[in-house]
Amino acid sequence: MKLPDFDYHSPTSLDEAITLMATPNARVLAGGQSLLPIMAFRLAAPSALVDLRKIKGLDKIEITQDAIHLGPMVRWRDVERHEGLAAALPLLTQAMEHVAHYQIRNRGTVGGSLAHADPAAEFPGIAVTCDARIHLAGANGKRVVAAGDLFVGPLETCLQDGEIITSIELPRWPQARRWAFEEFSQRRGDFALAGIALFYDLDGERRAQNVHIGVIGATDRPRRLPGAEAALNGQALSDEVIAKACAAACAEVDPPTDIHGSAEYRRSLVGTLLQRALVKASS
Amino acid sequence: MSVQFVVNGRKVEVDPPARMTLADCLRQQVKLTGTHVGCEHGVCGACTVIVDGEAMRSCLMLAAQADGATIMTIEGLSSDAELTPLQLAFKKNHGLQCGFCTPGVLMTLHALLTQEPYASEERIRDVLSGNLCRCTGYIPIIESALEARAAYQDQARSAQA
Amino acid sequence: MRTVNTYIGSPVERVEDYRFLRGEGQYVGDLVREGQWHAAFVRSPVGHGVIRNIDCSAALAWPGVKAVLTAADIEGEIPKIPFRRPNPTIGPYAQPIIASGKVRYFGEPVAVILAESAEIAEDALAAIVLDIEQLPAAIDRQTCMSDKVVLFDHPGSNIATVFHANKGEVDAAFAAADVTVRGQFSTQRQTALPMETRGLLAEWDPKSNHLTVYGAAKLPFFNRKTMADLMGLPETAVDYIEVDVGGGFGARGEFYPEDFLVAFAARKFHKPIRWIEDRREHLTAIGHSREAECDVELAFSKDGTLLGMRGDLFVNVGAYVRPNGMTPVRNAAQFMSGPYRIPAIHLQAHAYVSNKTPAGTYRGPGRYEGSFFIERLMDLGAARLGMDRLALRRRNLVTDAEMPYPLAPVLPSDGRAETNCDSGDYRVCFDKCLEEFGWAQKAEFDGKLIDGRYHGLGIACFIEGGASGPSETARMEIEADGSVAVYAGSSAIGQGLETVLSQIAADALEISIDRIKLYHGSTTYLKEGWGSYGSRATVMGGSAVIDAATKLLEAFKVAAASRLKLDPSELTIVDGVARAKDGRSVPFDEVASMEIKADGRFDNWKPTYSYGTSAVHLAVDPGTGHVDVIDYTIVDDVGRIINPLTLHGQVTGAVVQGFGSAFSEELVYDADGTLLVGSLADYLIPVATDYPHVHCVSMESFPSPINPLGAKGAGEGGIISVGGAVANAVASALRDFGVQPSRMPLNPQRVWELIQDGKKALAST
């Protein structure tokens, strides 16, 4: 399982990287933790890899008044260890424990994860749930897409040829926000059979508002669950309300069947995990 | 392309093809065959080496990406004929059988316990979930790691003092 | 002065570890030869098809490609790989060393590319144009056994063999029964998955017409003979060299098509040929195992006494019968009765071919499957009888007074249909296990819902046939420095052979273990030898070592006596020194120049039978179907413990492998015969976080009477009873839903489905 041949570039500026990315079938190399395995299986054979590692500033975590900015080369371990991040977006930090394994987390990057667009991966699900804005740059200039629009199918994004993710912007959270992340995989570090990321705010009468629920693993791409959100918005979280939301969630997912899990099983897991996440978030 | 890195304290310059992984480069060009390749797709962890102080899968890294790095492989764990406390603990607790996954396991634990000498048993287990072993059932590996942990704690204490 | 050594029985740290812990082990992938070519295999992309054409022209034109071999390059008839245990009906099903005319499984070798690097060889795989007309595939038992799709026109049936296990009058037993219980159960297709994939380096010396194959494991001597026969060479023209081996577990080291093709290429092109299997091809190419079903019935009298067992076993052996492909089938028939006294047995074990990877052995072959079947039936029987499942088992366990206890003979056989359990009282481990596990205390959790999880206890008992015959050899030589070189016919597959045989040798010679140098597993050391399979290396190899040591000491005594001009009977040997009464002495090193050596041998067709019991406490999450193993205790009696450290390692490792069998590992095919499991992210072996709670206790209550050590084979026992114990515990945990697991593995989805089915059944009643 040797890698297919390619040209390797390690530009020192974004402009240079964008120029190199004009090569047909070139791909960005970030952490390589998803790209190199699919190349080893020869499911991808890029003509060139453009390694971002020498471009300064792409591995920064910045927390401003309104937003969190993650450079595409921020690694999982950087997220895990960043104290400010744990306070500003605890959902993200907590989800890290589900991301692959120790050695992978030492190299894998947030940008690479988004570009790889695995429907069972944690970070794309969080980006969608948290209304992340993805900053892109390419030969035709810069643009920003909502995370919800970035993913178009399994391992498929709306990135155009040659475009590079330059930053991920996540809105900051109010202090009192309720949240939870629940995932089920058969073994530690395996891709999720299903996972739920959610948050909501409580109004003065302890009713849920601004409910955001994202699902991974049980859909062809990470997505929100508007039916379940609607069942919760404006409601106090009783067992009955939670049950309704879970039923709505099960009804609105369309899980794939593969060797790791049937559609029916994954659908049920979505309900189970949503229920557990809501209980956790509300307690 | 020319790639330079320091491996086990020794500066080396190699000329790997672009597609050569760090694992293959270490084994074939640097002739350090202690790093084992068990899957070549980033699951088994046998090829784990320490790059700039952090455990990484050398099959998921191009040799080119190691340019300028400082690398430790299993061959660099004990610098002389003596075994380190980590190695001794594995010997004493029968933490290995066929020895194929062992270099990756030791590199993972050395990186972990150097950074986190007070890692809990749960933390150690969690970290080792990225290293597959088919022989031991992991239990003696964990016992070995827990025994070796004390030596890393001593080291951390004396470094502070 | 040294008293008698006691290395045997001591937790001697392994001599292998020093090199392994320093990265100084040498595995086949570490070997490099000047001018070597690298092989890559073109494998069938379909499960079943007719080869119309193989166009290699583009691959041959690929820069760096040296040659491409297909069946057309093999002169004459394509050789088939011989069986280790032949029987009258399996001949036509032997595997050809390369596909010709037809492909019968996904991954079957159809061509070999030889190139200057592994990368280039792999690149060129895409340049081979295969024209294969796909045929319908035979995948499931119904299709295969009905011969709707036939794999071999001659003899035109997919049934390769039916083994019969017969004992007593089974119809009479069932006629006399008060209670019978019948069940259909299945275990899933798996593979051993050693962490090191296979690999070979073959060198041909045209000057001496000699072939050397590096990467030997398990059976170097048998494989040398096979290779010599297939290549038309005398055995003396072939050597198999064993380097460090990254795990065996029954699958690694059998003779595979690649073994021949790599060596064939080395001879044809006069080049060292290197092939390191990649993990994806490993999953399609190395032997699979464990795909078995049964429909079996037990007969009891109303007090719970087992009267008889009858029924059918069905084993999917894949597309061809490999050298040991029949072993799991016959074993399942012979060992399904396990540790229980069953006076009347008739089992038919049907081995059928299919369009899947050919099967072979995997740790505890046939035994794991049979144990799962009967242990489920014992629990169902207890329920039917209204008896406690512990009491039912204990009543039927074979006792010391019944030894040697005959198991059901199996036919057809290679002359050894019969076998007896050698020694033991199977209640001893049973009682000890319940005590160690704390069954009485834990019983209150059984079937209870606690903090959202259903708790259950399960139990299963087993026997482990080991120390397979026929023979093993060893040679010893006194070296110039007074150390003793021990050449063993056994193979090291990662199990600590060097240490264990050194312990035995040091004790037998009464010298320090530091003075033993152990060499093993290569055909250059000994004229004949057998290897490491069927938990045999310690017992068979160790017994041969003892024989060699006895003879070596005699030879040493004679040599020393001649030097001292005394009669040998006037000397005593202590710590490698022959001493006379007058105070004169001769140490080992002084006679080294006299070439003191001895050949040892141990012949025995009778296997040993370790036995034991395991108990498990687990908890089921009904929302996800996930099962958490809270405690697993196994107690076995291995006759005599040579090294408690390595034994404990073997048992613990085997139990955890068993959890992989019970919960997660499965090789899944689609209806066309495509293997859907292509990576280690698909084939789910246990990881470090999965099963931290395994408690192993080994006893030496009843030494084996059939070897000088009193030891019994013990490398596989840990795995045998895991499936039964776990499935019984899941049934016990989910009793509220009437769950009775019959199919393995019990992965989260299947457990969840069992709960859903149970709920539906309850709702409809």
Side-chain angles (χ1 to χ4, degrees), chain A residues 1-12 26-27 29-54 73 75-78 80-81 96-109 112 116 185-191, chain B residues 1-3 16-25 28 37-69 104-105 107-109 111-113 115-116 119 122-132 138:
Chain A
M1 291 172 63
K2 303 299 176 194
L3 302 177
D5 211 0
F6 53 83
D7 294 325
Y8 173 81
H9 306 285
S10 50
T12 52
R27 287 188 70 166
L29 178 62
Q33 304 300 284
S34 301
L35 180 58
L36 296 185
I38 62 171
M39 288 172 67
F41 279 102
R42 305 215 173 200
L43 298 171
S47 64
L49 291 184
V50 179
D51 189 345
L52 303 187
R53 74 188 179 96
K54 288 186 184 162
M73 293 295 276
R75 302 169 305 162
W76 306 120
R77 67 171 289 129
D78 304 326
E80 272 178 313
R81 293 181 174 198
M96 285 306 103
E97 69 179 60
H98 297 278
V99 176
H101 298 104
Y102 182 69
Q103 300 96 329
I104 302 269
R105 293 196 295 270
N106 281 337
R107 272 195 88 71
T109 64
H116 184 58
S185 61
Q186 195 165 344
R187 302 177 306 180
R188 199 85 175 129
D190 284 350
F191 276 112
Chain B
M1 80 194 66
S2 169
V3 171
R19 60 163 146 176
M20 183 173 261
T21 63
L22 177 60
D24 281 349
C25 179
Q28 295 167 23
V37 175
C39 76
E40 295 181 294
H41 57 272
V43 183
C44 80
C47 67
T48 303
V49 298
I50 302 176
V51 181
D52 295 329
E54 294 171 356
M56 293 183 180
R57 302 208 194 290
S58 62
C59 80
L60 293 190
M61 213 179 142
L62 302 175
Q65 290 178 291
D67 191 30
V105 169
M107 286 295 98
T108 300
L109 284 172
L112 173 71
L113 294 173
Q115 288 187 354
E116 304 174 33
E122 193 191 352
R123 170 72 174 154
I124 292 170
R125 265 191 189 283
D126 191 44
V127 165
L128 276 177
S129 69
N131 290 80
L132 298 180
Y138 305 102

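Chain A is the first sequence line, chain B the second, and so forth, proteins listed ahead of strands; every chain is numbered from 1.
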Using heavy-atom distances under 4.5 Å, tell me whether [X] contacts chain B through its side chain, its backbone, both, or neither.
X	result
A/Leu49	side chain
A/Asp51	side chain
A/Leu29	side chain

Is it the side chain or the backbone of [X] that comes within 4.5 Å of chain A heavy atoms, both, or neither?
X	value
B/Arg125	neither
B/Met61	both
B/Thr48	side chain
B/Asp67	both
B/Leu128	neither

* So, does A/His101 use its side chain to make a donor-acceptor pair with the main chain of B/Asn131 at under 3.5 Å? -> no

* Output yes when a side-chain donor or acceptor of A/Asn106 lies under 3.5 Å from a complementary backbone atom of B/Ala55, and no otherwise. => yes

* Choice from B/Val43, B/Val37, B/Thr108, B/Val51 maximising heavy atom contacts with chain A below 4.5 Å ->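 That would be B/Thr108.
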
Reported [atom1]-to-[atom2] distance for the pair [X] and [Y], which is rounded to 0.5 angstrom:
X	Y	atom1	atom2	result
A/Arg53	B/Leu62	CZ	CG	9.5 Å
B/Glu40	A/Met39	CD	CE	13.0 Å
A/Gln33	B/Arg57	CD	CZ	8.0 Å
B/Leu60	A/Gln103	CG	CD	10.0 Å

* Asked: Any idea which of A/Ser10, A/Pro37, A/Ala100 has the most non-hydrogen atom pairs under 4.5 angstrom with chain B?
  ->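 Looking at each of A/Ser10, A/Pro37, A/Ala100 in turn, A/Pro37 comes out on top.
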
* Find the one option among A/Lys2, A/Glu97, A/Arg77, A/Arg187 whose heavy-atom pairs under 4.5 Å with chain B are most numerous. =>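 Going by pairs under 4.5 Å, I would pick A/Arg77.
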
* Would you find more than 12 non-hydrogen atoms of other residues, nucleotides or ligands less than 6.0 Å from B/Arg19 atom CZ? -> yes

* Asked: Pick one: which of A/Arg75, A/Arg105, A/Arg81 meets salt bridge (charged side-chain N to carboxylate O under 4.0 Å, His left out) with B/Glu54?
  ->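 With B/Glu54 as partner, salt bridge (charged side-chain N to carboxylate O under 4.0 Å, His left out) holds for just one option, A/Arg75.
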
* Check whether any side-chain heavy atom of B/Thr21 sits under 4.5 Å from a side-chain heavy atom of A/Leu36, and report yes or no. =>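 They are not in contact (no side-chain heavy atoms under 4.5 Å apart), so the answer is no.
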
